[in-house]
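Note sheet for the following structure.
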Protein chains: 2
Amino acid sequence: MESRCEHCIVRQFNSLRAMTKDELKKVSDAKIYKKVKKGEALFEEGQKLDGVYCVREGVSKLSKLSTNGKDQVVKLATKGAVMGQRSVIAGEHTNLSAIAVNDMEVCFVPKENILDALQKNPDFAVEVLRHMAHDLKEADDVIVNMSQKTVKQRVAEAFLYLRNNFGEDHEGYLLLTLSREDIANVVGTATESCIRIISEFKKKGYLSTSGKKIKISDEKGLVELVQGF
Amino acid sequence: MESRCEHCIVRQFNSLRAMTKDELKKVSDAKIYKKVKKGEALFEEGQKLDGVYCVREGVSKLSKLSTNGKDQVVKLATKGAVMGQRSVIAGEHTNLSAIAVNDMEVCFVPKENILDALQKNPDFAVEVLRHMAHDLKEADDVIVNMSQKTVKQRVAEAFLYLRNNFGEDHEGYLLLTLSREDIANVVGTATESCIRIISEFKKKGYLSTSGKKIKISDEKGLVELVQGF
DNA sequence: TTAAGAATATGATAATTATCAGTTTTTACC
DNA sequence: GGTAAAAACTGATAATTATCATATTCTTAA
């Protein structure tokens with residue numbers, strides 16, 4: 001299903017909302033709609049990107065391979081996120097791989113459209129800057145968490161993050177289901193350690209599960225753990 | 001000692017080089033030259049900044065207090081760096097504290113000058129974007145290192161970083177001397193652990209010291225350790 | 001110059017986390 | 001529906017890292 005960017009709701013969540021009608025028309029004419037299946041890569045670390053991807057549906061993990069052979073998930077991108085922006089602006093190869101966590105719909109926007117608008121539309125440039133500034137702050141927070149919190153605290157935080165950013169269904173189960181391995185790669189720990197901690201959380205009543213689905217059953221408990229009680 | 005931004009060499013290293021003569025003149029007229037003594041704060045986490053700081057001389061650590069009461073150094077800013085940019089652009093309180101690691105000279109530039117130029121000069125906006133994109137990439141790398149490398153590897157990396165970014169004197173001693181505690185806060189570990197690892201590196205011949213000064217005496221050894229041999 | 005305080009260093013020990021090996025459960029596909 | 005493969009789980013153990021206690025060295029200021 002294709003449609004015009006001008007009417008795309010997703011745009012409201014990202015920097016493209018600062019584009020003029022004319023710029024948006026050009027983007028809409030040039031964009032390429034794409035479906036990406038769960039597990040497929042949108043792009044891989046080290047690749048040169050010819051444009052950015054605007055996420056209409058689904059979730060992608062942005063990860064980087066460490067020298068020890070493990071993947072570290074740096075960020076999860078969902079509806080409204082623009083991926084590849086950093087690399088297109090810097091004119092560098094991407095530092096991250098983007099892999100679909102579930103089935104996705106994205107629009108590929110050629111970099112010329114973005115770079116042109118940056119040069120001609122200060123509002124757009126400032127809007128992109130604001131988003132990047134926000135990302136940078138979040139990255140700083142992640143650095144502090146990674147270095148100063150225990151694995152247990154980070155796992156707890158990950159679940160709170162998943163709930164706050166991707167929501168839960170009417171029964172309270174997290175809408176975004178990640179594999180234990182993916183969670184471990186977000187948290188930066190071994191898969192077994194992650195599993196063990198999840199088991200522990202279940203025993204303590206912080207989490208409960210039903211098949212693959214996970215529910216936060218004691219938010220307060222998790223929050224206190226994160227804060228160090 | 002004050003002087004005009006137009007003739008300031010430091011500017012060549014940061015986004016201010018993309019300013020027009022006129023913009024630069026305004027900045028130069030408005031800027032406030034400041035000396036900051038070792039250990040003093042330029043600004044503290046949570047503060048609202050009215051402008052940015054351009055570093056002319058000296059080094060500042062940008063750090064964030066963790067909930068466990070420890071400081072995590074997220075970045076070291078030296079000659080040419082612009083501090084506070086992220087927070088001024090996002091219009092948010094700073095997420096980091098800036099503390100002088102040695103005596104510094106900085107110029108404070110009111111935010112109006114920056115925000116005006118962003119709106120009126122696309123070249124400047126794009127240049128700032130490029131810098132921020134670069135910072136973001138570096139932050140991603142730090143996240144991966146923090147989560148996937150051992151403390152020992154991170155300490156080794158820290159010394160290579162200090163040499164590559166701040167240089168060494170004619171005898172090979174690192175020009176930037178950090179306390180063991182500061183190094184620990186960069187690496188994200190306990191001070192004692194950091195000291196122990198430095199002792200071990202000395203025994204293995206990777207490092208040697210003379211009073212407070214530290215010299216990398218076996219770069220290859222350090223590099224191999226970082227890569228996991 | 002010397003005494004106090006800070007920084008550096010080391011030892012002993014506990015806590016955390018990773019690794020390896022193996023089992024059970026779930027999923028996907030013929 | 002049955003089966004092979006993948007994912008989730010558990011136990012035992014080793015490795016890493018933090019913590020606490022204390023000693024030593026270096027700085028600084030009266």
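We name chains A, B, ... by the order of the sequence lines, and we start the count at 1 in each one. This is a predicted model, so every value here is computed, not measured.
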Going by distance alone, is a donor N or O of one side chain under 3.5 Å from an acceptor N or O of the other, for A/Gln85 and A/Ser15? yes
Respond yes when some side-chain nitrogen or oxygen of B/Ser199 is under 4.0 Å from OP1 or OP2 of C/dT10, and no when none is. yes
OP1 or OP2 of C/dA9 under 4.0 Å from side-chain N/O of B/Arg180: yes
With respect to the phosphate group of C/dT19, does any side-chain polar atom (N or O) of A/Lys70 fall under 4.0 Å of OP1 or OP2? yes
Spacing of B/Lys212 atom NZ relative to D/dC26 atom C1', expressed in whole Å: 9 Å
A/Lys202 vs D/dA8: side-chain N/O to OP1/OP2 distance below 4.0 Å: no
Tell me the interatomic distance from B/Ile195, atom CD1, to D/dC20, atom P, rounded to whole angstroms. 16 Å
Which distance, rounded to the nearest 0.5 Å, do you find between the CG of B/Leu207 and the NZ of B/Lys215? 11.0 Å
OP1 or OP2 of C/dT8 under 4.0 Å from side-chain N/O of B/Thr191: no
What's the CD-P distance between A/Glu200 and D/dT10, to the nearest Å? 12 Å
Rounded to whole Å, please give me the gap between CD1 in B/Ile197 and C1' in D/dA18. 12 Å
How many Å lie between CD on A/Gln153 and P on C/dA15, as a whole number? 16 Å
DNA chain D: 5'-proximal contact among B/Val151 and A/Glu192 (nearest heavy atom): A/Glu192
Whole-Å gap separating P (D/dC9) and CZ (A/Phe201): 14 Å
Out of B/Lys203, B/Lys204, B/Lys202, B/Arg196, which one pairs with B/Glu200 under the side-chain hydrogen bond (donor to acceptor under 3.5 Å, both in side chains) rule? B/Lys204
Taking only side-chain nitrogens and oxygens of A/Thr150, does any of them come within less than 4.0 Å of OP1 or OP2 of C/dT16? no
I want to confirm an ordering. Mapping B/Glu181 and A/Gly188 to their closest nucleotides on DNA chain C, which one lands closer to the 5' end? B/Glu181
Pick one: which of B/Asn14, B/Ile114, B/Val55 meets side chain to side chain contact (heavy atoms under 4.5 Å, CB included) with B/Val82? B/Asn14
Rounded distance in Å - CG (B/Asn185) to P (D/dA18): 12 Å
For the pair B/Arg86 (side chain) and A/Leu136 (backbone), establish whether a donor and an acceptor sit closer than 3.5 Å, ignoring hydrogens and angles. no
Touch class at under 4.0 angstrom, heavy-atom based, for A/Ser193 against every strand present: base
To the nearest Å, how far apart are A/Ile214 CD1 and D/dA7 P? 15 Å
Determine whether a donor-acceptor pair (one donor, one acceptor, N or O, separation below 3.5 Å) exists between the side chain of B/Arg196 and the base of D/dT19. yes
